[in-house]
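Read the structure below first, then the notes.
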Amino acid sequence: MAAIDVFWEDLQEDVKDPEFLREYVANWVRITTTDAIVNALDDAREHAGMSKAALARAINAEPSALRRLFGRGRRANPTVGTVAELAAALGMRLTLEPLSAEERESTTRPLLDGDVPDARALVERLGAPALVQ
């Protein structure tokens, strides 16, 4: 069995612990949401034909901060305030939308209940390759 398969199988067991499950789901939500927002902002910036430096000037930020935010291998964790300012400078605004029933089952339920009916399905949904039967 490959090491990667062992990792995903171990993770499948680990998410049965309520504390681990909550932390795992919370981190997954934080990372995937931040990545999606930063990618959307960078796409909007490029579509607008705006340089990172020009966008930085628009929100009174250092150009190096935006280069880090939109750079490769980034580890961005911008504040909501910064995201809102960037969006406004690009003619956009932040909005919230309800999760689908499926997303509530795999995201909200584990956070609230510390439990998930199918650990395997959760791990696969949140990024694991198909697990070996």
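All values below were derived from every heavy atom in this structure, side-chain atoms included, with hydrogens, water molecules and symmetry-related copies excluded.
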Would you compute the distance between atom [atom1] of [X] and atom [atom2] of [Y] and round it to the nearest 0.5 angstrom?
X: L86; Y: L55; atom1: CG; atom2: CG; result: 5.0 Å
X: T82; Y: L41; atom1: OG1; atom2: CG; result: 10.5 Å
X: E23; Y: R30; atom1: CD; atom2: CZ; result: 6.5 Å
X: R22; Y: D115; atom1: CZ; atom2: CG; result: 9.0 Å
X: N60; Y: E85; atom1: CG; atom2: CD; result: 8.5 Å
X: L66; Y: S51; atom1: CG; atom2: OG; result: 9.5 Å

Original post:
Would the number of heavy atoms belonging to other residues, nucleotides or ligands and lying under 6.0 Å from CE of M50 be above 12?
Top reply: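 More than 12 heavy atoms, drawn from other residues, nucleotides or ligands, come within 6.0 Å of this atom.
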Subject >> Neighbour count above 12 (heavy atom, 6.0 Å) for E62 CD >> reply: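 Count not over threshold, so no.
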**OP:** Using the side chain to side chain contact (heavy atoms under 4.5 Å, CB included) rule, pick out the option among N39, D43, D42 that qualifies with F70.
**Re:**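 For F70, the side chain to side chain contact (heavy atoms under 4.5 Å, CB included) check succeeds only for D42.
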According to a 4.5 Å side-chain heavy-atom criterion applied to Ile, Leu, Val, Met, Phe, Trp and Tyr, with indirect links allowed, do [X] and [Y] form part of one hydrophobic cluster?
X: L111; Y: V15; value: yes
X: W28; Y: I31; value: no
X: L122; Y: L112; value: no
X: L21; Y: L99; value: no

Original post:
Does some side-chain heavy atom of E102 sit less than 4.5 Å from a side-chain heavy atom of E105?
Top reply: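 When only atoms from C-beta onward are counted, E102 and E105 do not touch, as no gap falls below 4.5 Å.
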Original post:
Should R109 and V116 count as side-chain neighbours, where that means a heavy-atom distance under 4.5 Å?
Top reply: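 The answer is no, as the side chains (C-beta and beyond) never meet within the 4.5 Å cut-off.
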**OP:** Please report the closest heavy-atom contact between A89 and I59, naming both atoms and the distance.
**Re:**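 Looking at all heavy atoms of both residues, the shortest contact is CB-CG2, 4.0 Å.
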**OP:** Identify the heavy atoms of P78 and V83 that sit nearest to each other, and give their distance.
**Re:**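 Where P78 meets V83 most closely, the heavy atoms are CG-CG2, 3.7 Å.
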